[in-house]
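Step one of this worksheet: look at the structure below.
Indexing begins at 1, ligand by ligand and atom by atom, following the structure's order. Since the structure is predicted, the reported quantities are computational estimates derived from the model, not experimental observations.
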Amino acid sequence: MAAELSPIDKAKFVAAKQATEFVESGMKVGLGTGSTAAWMVQCLGEMVRDEGLKIKGVPTSNRTARLARDVGIEVITLDEAKWLDVTIDGTDEYDDALNLIKGGGGAHLREKIVATASDKMIVIADATKKVDALGAFPLPLEVVPFGLPVTQNLIEEMLIGMDVLGRDIVQRMQGGEPFVTDEGNFILDLHLKRIGNPRQLSLVINQIPGVVENGLFIDICDVVVAGHGDGKVTVRDITNNTFEVVQFDVLDDDNIFVGIAD
Ligand code: 5RP
């Protein structure tokens with residue numbers, strides 16, 4: 001049965017489907033978090049069930065681990081894997097240099113560890129995630145609960161010297177309570193509007209005691225697979241300097257999953 005998908009969901013689906021081309025039997029695969037990554041996990045699960053694909057998956061969150069097991073992917077820990085062939089994950093923003101803001105789902109700490117432990121990081125996104133300058137999407141910081149007000153003050157002072165347009169800091173909440181990450185930490189969302197120097201900001205933020213990791217992914221992503229609502233997908237590989245356009249027939253109901261829960 002086919003689901004009625006919005007153009008954005010179709011874009012996410014075709015990007016996820018195309019990215020599975022990078023996965024081969026025998027690989028250890030980092031499995032990202034979020035709605036686009038959920039499509040990718042579903043696609044890989046289908047390949048495991050129907051095509052005999054043999055992979056081991058390292059999930060970047062507890063919810064991705066549950067989904068991966070549900071669709072039949074063998075799940076192992078990063079400790080067991082030690083190193084991965086490829087990680088496929090979503091993003092909140094990407095720029096022309098394929099630098100990213102991630103962490104909209106609060107999983108950027110594990111996502112960055114897993115992506116950095118991979119030969120290749122493939123980002124899957126609907127094409128609206130492409131930006132001229134990072135920062136319109138609030139930058140997530142994972143911070144330890146101990147001394148949170150002190151940490152927040154230090155971040156505010158640090159931002160005064162940074163090339164950013166906004167400086168509001170908001171603690172992420174869920175159901176009236178602080179959002180808690182899989183690692184038991186809190187998230188501060190930095191509303192910076194525009195980040196002039198993402199590389200500098202990423203280095204400086206991580207120097208503040210109490211900050212565990214920020215959501216800027218600098219020089220980590222190798223390939224962006226960007227989907228459009230009409231089924232067009234572009235694949236940009238900055239390591240090999242290639243650009244490819246693929247057209248999907250999104251009316252093919254057999255390719256559309258239903259009941260994706262993120
Ligand atoms: C989770 C992430 C996600 O990859 C990012 O938020 C994109 O999510 P979606 O695919 O649902 O738009 O970084 O921490």
Task: Atom indices of ligand 1 within 4.0 angstrom of Gly106 heavy atoms, with elements - done: 14 (O)
Task: Contact atoms of ligand 1, heavy-atom distance to Gly104 under 4.0 Å - done: 6 (O), 13 (O), 14 (O)
- [ ] With Lys102 as reference, evaluate Thr33, Asp89, Thr91 under the side-chain hydrogen bond (donor to acceptor under 3.5 Å, both in side chains) test and give the passing residue.
- [x] Asp89
Task: Proximal ligand 1 atoms for Thr33, defined as those under 4.0 Å from one of its heavy atoms - done: 1 (C), 2 (C), 3 (C), 4 (O)
Open item on the list: I need the single residue from Thr181, Val143, Leu109, Leu141 that forms a side-chain contact (heavy atoms from CB on, under 4.5 Å) with Ile187. Which is it?
Closed with: Thr181
Task: ligand 1 atoms in contact with Gly34 (distance to a heavy atom under 4.0 Å) - done: 11 (O)
- [ ] Going by heavy-atom distance to atom 2 (C) of ligand 1, choose the closest among Met40, His108, Glu111.
- [x] Glu111
Task: Which atom of Met121 lies closest to which atom of Ile220, heavy atoms considered - done: CB-O, 3.6 Å
Open item on the list: Testing the 3.5 Å rule here: is there a donor-acceptor pair between the side chains of Asn241 and Arg236?
Closed with: no
Task: Any side-chain heavy-atom pair of Asp222 and Leu98 under 4.5 Å - done: no
- [ ] Report yes if Ala37 has an N/O atom closer than 3.5 Å to an N/O atom of ligand 1; otherwise report no.
- [x] no
- [ ] Using a strict 4.0 Å cut-off to heavy atoms of Gly90, name the atoms of ligand 1 that fall inside it.
- [x] 4 (O)
Open item on the list: For Trp39 and Asp9, which I'm curious about, is there any donor-acceptor pair between the side chains at under 3.5 Å?
Closed with: no
TODO: For ligand 1, note which part of Asp89 has a heavy atom under 4.0 Å away: side chain, backbone, both or neither.
DONE: side chain
Open item on the list: Give me the atom names and distance for the closest heavy-atom approach of Cys221 to Val123.
Closed with: SG-CG2, 3.8 Å
Task: Atom indices of ligand 1, in the order listed, that fall short of 4.0 Å to a heavy atom of Asp92 - done: 5 (C), 6 (O), 7 (C), 13 (O)
Task: Gly103: numbered ligand 1 atoms lying under 4.0 Å from its heavy atoms - done: 2 (C), 13 (O), 14 (O)
